[in-house]
Student: 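Before we start, here is the structure in question, set down as structure tokens.
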Amino acid sequence: MKILTLNFLMCARKACKSSSDAFPLHPRDVELEIVETDINPLFIRNILPRVEWAALRAMCNELGLPQLSETQPSCTDLFSTENLDPDATDSEPTQTLRDLHNLLVQTCIMEGKLVCGNCGHEYAIKEGIANFLLPSHMV
Amino acid sequence: MSRPEDILPPDLFYNDTESAKYTTSSRIQHIQASMTHRALDLLDLRHPSLILDIGCGSGLSGSILSAEAPPHTWIGLDISASMLAVALERDVEGDLFLADAGQGVPFRPGTFDAAISISALQWLCNVESSEESAGGRLKRFFDGLYASLRRGGRAVCQFYPKNEVQRGMVSQAAIRAGFGAGLLIDDEGTKGAKTYLVLTVGGGDLNGGDITGVVSGMEGVDVDDSRRRAQGRDRSKRGVVEKKGSKGWIMRKKEQMEAKGKVVKPNSKYTGRKRNIAF
């Protein structure tokens, strides 16, 4: 599971929906793996405004990954040439973009568990697949 | 043909053998691919997007999303562990989750640009325990989906409704969750009819009800939106309150009784009129 996905996940329980602690989920005992993928600059630019930067920073701390900058990079930081045309793909990706791609898309959680900060429920991750099936008494 | 939904719940029906059979069948691969392409056309995505695939199975539809140029990124939910195991073997690009869509969608609000679901929603209408109901499961699913899509996002769900009632139940549940919903049926009336539920969140521009764009630019074509017509009819009915015993009321009741198959006296010029006072 990509770090990007983890930035969007929250506890599936109905009771946790209204709690602010249900997001983000806290990774525990995780095994990380780098999965090489092609860089997709337009996708990163599309998704970046939706990423919760504070949650991502906290997550990097918990996972022991290198510290991120205080402020969220803006879309203009991603491309070296000042190109405001939204469909331009030819501009060169910057180091910021490469780092983001590396962290959000290439870093994957293969094993471990995710813990909800509100109810404490543990979601197991096996071979990169998280188990979000809830037993009927917890729905 | 028997419906697999009637045999077993999805997590048990798609066991290792069924999952492998499903994924390797070239017929199913072909149908799934054409439906996914159709759904992608309806989604009308212009940028590489984050897409939720509900009932992703072995990732047949997902691999088409990844093969687009530029590729979309997708996250798949499925309730069958065997199907997901096949997806792992096929080495699909998307992130996979073992989850029941009827328990909601575990993503924070405004996550996805779009959602896609190929041949999965009919499974939601099946209930295995007395603690839950089909309506409740559909409600949780559509409420969760509505929240997790960003404003202006779209969802296209292809499903095989068992009958008219089930089709209505699914689309009503989507409308109640807040979606703008439209049903699109390809090859209607044939054995290979495909039902697509096209859902929009917020300011989705439906080009005046014509979501397929088939009739765009054609003259003298009206898009017939049966939902709007039904709404209009309701409103006109509510506007005029008929007095009990009035002529209009009597005529309506007679029509109702006739429709029920009761014997009703024919209408004449005296129907609904008062008698003269003879003395």
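Note on naming: letters A, B, ... go to the chains in the order of the sequence lines (proteins, then strands), and numbering restarts at 1 for each one.
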Student: Would you indicate whether A/Lys17, at its atom NZ, is surrounded by more than 12 heavy atoms from other residues, nucleotides or ligands within a distance under 6.0 Å?
Tutor: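 Counting other residues, nucleotides and ligands, NZ of A/Lys17 exceeds 12 neighbours.
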Student: Please report the closest heavy-atom contact between B/Pro48 and A/Phe43, naming both atoms and the distance.
Tutor: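 Smallest interatomic distance, heavy atoms only, reads O-CD1, 3.6 Å.
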Student: With a 4.5 angstrom heavy-atom cut-off, is it the side chain or the backbone of A/Asn40 that approaches chain B, or both, or neither?
Tutor: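 Contact with chain B involves the side chain of A/Asn40 alone.
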Student: Name the region of A/Val35, side chain, backbone, both or neither, that has any atom closer than 4.5 Å to a heavy atom of chain B.
Tutor: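 A/Val35 has no heavy atom closer than 4.5 Å to chain B.
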Student: Examine whether an atom of A/Phe23 lies under 4.5 Å from a heavy atom of chain B, and if so say whether it belongs to the side chain, the backbone or both; otherwise answer neither.
Tutor: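 It is the side chain, since no backbone atom gets that close.
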Student: For A/Leu134, is it the side chain, the backbone, both, or neither that has a heavy atom closer than 4.5 Å to a heavy atom of chain B?
Tutor: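 Both backbone and side chain of A/Leu134 come within 4.5 Å of chain B.
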Student: Could you go through residues 57-76 of chain B and list every donor-acceptor pair under 3.5 Å that involves a side-chain atom there, pairing it with any protein atom two or more places apart or in another chain?
Tutor:
residue: B/Ser58; atom: OG; partner: B/Thr23; partner atom: OG1; Å: 3.0
residue: B/Ser61; atom: OG; partner: B/Asp53; partner atom: OD2; Å: 2.7
residue: B/Ser63; atom: OG; partner: B/Gly59; partner atom: O; Å: 2.8
residue: B/Ser63; atom: OG; partner: B/Leu60; partner atom: O; Å: 3.1
residue: B/Ser66; atom: OG; partner: B/Gly62; partner atom: O; Å: 3.2
residue: B/Ser66; atom: OG; partner: B/Trp74; partner atom: NE1; Å: 2.8
residue: B/His72; atom: ND1; partner: B/Ser49; partner atom: N; Å: 3.0
residue: B/Trp74; atom: NE1; partner: B/Gly62; partner atom: O; Å: 3.0

Student: Nearest 0.5 Å, what's the CZ-NE2 distance between A/Arg45 and B/His47?
Tutor: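 Rounded to the nearest 0.5 Å, the CZ-NE2 separation comes to 7.5 Å.
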Student: Determine whether A/Lys14 and B/Gln103 make a side-chain contact, defined as any pair of heavy atoms from C-beta on separated by less than 4.5 Å.
Tutor: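 Counting from C-beta outward, A/Lys14 and B/Gln103 never come under 4.5 Å.
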Student: So do B/Phe107 and A/Leu9 actually touch side chain to side chain, heavy atoms under 4.5 Å?
Tutor: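 In short, these two side chains touch, coming nearer than 4.5 Å.
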Student: Among B/Pro106, B/Pro109, B/Ala99, B/Ala87, which residue forms the greatest number of heavy-atom pairs with chain A at distances under 4.5 Å?
Tutor: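 Among the listed options, the one with the most contacts to chain A is B/Pro106.
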Student: In the structure I gave you, are the side-chain heavy atoms of A/Phe8 and B/Leu50 within less than 4.5 Å of one another anywhere?
Tutor: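 The answer is yes, as the side chains (C-beta and beyond) meet within the 4.5 Å cut-off.
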Student: Roughly how far apart are B/Asp95 CG and A/Lys2 NZ, rounded to 0.5 Å?
Tutor: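 Interatomic distance, B/Asp95 CG to A/Lys2 NZ, rounded to 0.5 Å: 4.0 Å.
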Student: Among residues two or more places apart or on two chains, list those pairs meeting side chain to side chain donor-acceptor pair (under 3.5 Å) that have a residue in residues 53-70 of chain A.
Tutor: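 Sorted result for residues 53-70 of chain A: A/His26-A/Glu62, A/Asn61-A/Gln67.
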Student: Going from CD1 on A/Ile129 to CG on B/Leu96, what distance comes out if it is rounded to the nearest 0.5 angstrom?
Tutor: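 Rounded to the nearest 0.5 Å, the CD1-CG separation comes out at 5.0 Å.
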Student: Using the side chain to side chain donor-acceptor pair (under 3.5 Å) rule, collect all pairs that involve residues 166-178 of chain B, keeping only residues at least two apart or in two chains.
Tutor: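 Only B/Glu164-B/Arg167 qualify under side chain to side chain donor-acceptor pair (under 3.5 Å).
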Student: For A/Asp38, is it the side chain, the backbone, both, or neither that has a heavy atom closer than 4.5 Å to a heavy atom of chain B?
Tutor: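 No part of A/Asp38 comes within 4.5 Å of chain B.
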Student: Nearest 0.5 angstrom please: A/Asn131 CG to B/Leu98 CG, how far?
Tutor: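 These two atoms lie 4.5 Å from each other.
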Student: At a heavy-atom separation under 4.5 Å, does B/Leu88 approach chain A through its side chain, its backbone, both, or neither?
Tutor: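 For B/Leu88, the contact with chain A is made by the side chain alone.
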Student: Give me the contact list for residues 101-128 of chain A versus chain B, heavy atoms only, anything under 4.5 Å, ordered by residue number.
Tutor: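 Within residues 101-128 of chain A, the residues that come under 4.5 Å of chain B (heavy atoms only) are A/Glu127, A/Gly128.
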Student: Go through it in stages, so that I can follow the logic: the residues are B/Asp113 and A/Arg50, the test is salt bridge (Lys or Arg N to Asp or Glu O under 4.0 Å), and I'd like the CA-CA distance, side-chain angles, deciding distance and then a yes or no.
Tutor: CA-CA 10 Å; B/Asp113 294 290; A/Arg50 268 178 272 165; 2.7 Å; yes
